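Sequence positions, counted from 1, serve as the residue numbers for this chain. Remember, predicted model here, so these are calculated numbers, not experimental data.
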Amino acid sequence: MTVVGPFGLCVRDQALEADVQAGLSAVEAGLLEATKSEVPFITEAAQHLIRAGGKRFRPLLVMLASQFGDPDAPGIVPSAVVVELTHLATLYHDDVMDEADVRRGVDSANTRWGNSVAVLTGDFLFARASHILADLGPDAVRIQAEAFERLVTGQILETAGPRDGRDPVGHYLDVIAGKTGSLIAVSGRFGAMMSGADPSVVDILTQYGERLGVAFQLADDVLDIASDSHESGKTPGTDLREGIPTLPVLLLRAQAEAEGKPDDLELVELLDGDLSDDTRLAEALRRLRAHPALDQARRDTVRCAQEARAALAPLPACYAKAALEELCDAVVHRAG
């Protein structure tokens, strides 16, 4: 039993471990090659987050999904590079929007070089992903385009907020299905599709990726409140400080509105105030960590991960399926 990939995922078969490790190594080389430019400064900026590390969660999912066909098929590694480049590009843009100072334990690109360079570097990564994608065929281009549309739509919906009368929690789940679930769904889809797996298997792994992606984001929501910067690689309370809605906060607001408890109303007032002050932010984090809304968010994370696991049921028993099931457990473990 060997630890491989993000979150200490255990792979229980030497052949599968070798395939996954070789694939991830090839993806790493592909990421560095794809981000080279004739302009040294662009190379430095484009490789900033690659060299900072990261879980490579999406490439791992591509590799595991490819096990249901031919894992050595030529499109698998390039498609994994595409999804990771797309993900990285969104991180450059997200950090500008969130005014984040830290990403993956290092200065964010916007902190180091300014917002303009960070945005343009994200655009550069999108362009390089598109260049690779063009060689994978029109179906791959269409799939990626549809996912990217969903991703951007999710971001816009988050920025706009729920329309009048819409349940904020339901709205938020739609947002993260687009922002996070769409690209993780494509990871499962590309891995299976590029390997030549049966179309029914491609559909199963797409659904699995979507549900796992939602669980993954909900775990991030919990980590933004419950973790420290050493554990998560980013500053705790970043979303709180920027007023970005996350599930624990939405659940708190719903409870405060429904029950009107003074402590809850006071905490909502604190969250609505100026959290640029470190003392106020620390107080908000302390109180949220002790609030039942955080436990409810954890339970919702578990439920989404269980839905992802259930989607795998029709697949034949094998080491790759077991690893995908363990990935559900690993995502839940992140949320405590």
Which residues pass the salt bridge (Lys or Arg N to Asp or Glu O under 4.0 Å) test with [X], not counting sequence neighbours?
X	result
Asp295	Arg298
Arg150	Glu210
Arg286	Glu283

Which residues pass the side chain to side chain contact (heavy atoms under 4.5 Å, CB included) test with Asp278, sequence neighbours left out?
Arg241
Pairing residues for Asp277 by the side chain to side chain contact (heavy atoms under 4.5 Å, CB included) criterion, not counting sequence neighbours:
Thr279, Arg280
Do you see a donor-acceptor pair shorter than 3.5 Å between the side chains of Gln207 and Asp203?
no
Tell me yes or no: between the side chains of Arg299 and Gln296, is some donor less than 3.5 Å from an acceptor?
yes
For the pair His48 and Trp113, name the ring-plane relationship: parallel under 30°, tilted 30 to 60°, perpendicular over 60°.
perpendicular
Any salt bridge linking Glu307 with Arg303? Criterion: basic side-chain nitrogen under 4.0 Å from a carboxylate oxygen.
yes
How about Glu259: does its CD atom have over 12 heavy atoms from other parts shown lying under 6.0 Å from it?
yes
Using a cut-off of 6.0 Å, state whether more than 12 heavy atoms not belonging to Tyr319 lie near its atom OH.
no
What donor-acceptor contacts under 3.5 angstrom involve side-chain atoms of residues 134-148, with partners at least two apart or in another chain?
residue : atom : partner : partner atom : Å
Gln144  : NE2  : Thr86   : OG1          : 2.8

Please say whether the positively charged group of Arg58, taken as NZ for Lys or CZ for Arg, lies over the ring of Phe190, i.e. under 6.0 angstrom from the six-membered ring centre and within 45 degrees of the axis.
no
Does any part of the side chain of Tyr172, heavy atoms only, come nearer than 4.5 Å to the side chain of Leu218, both counted from C-beta?
yes
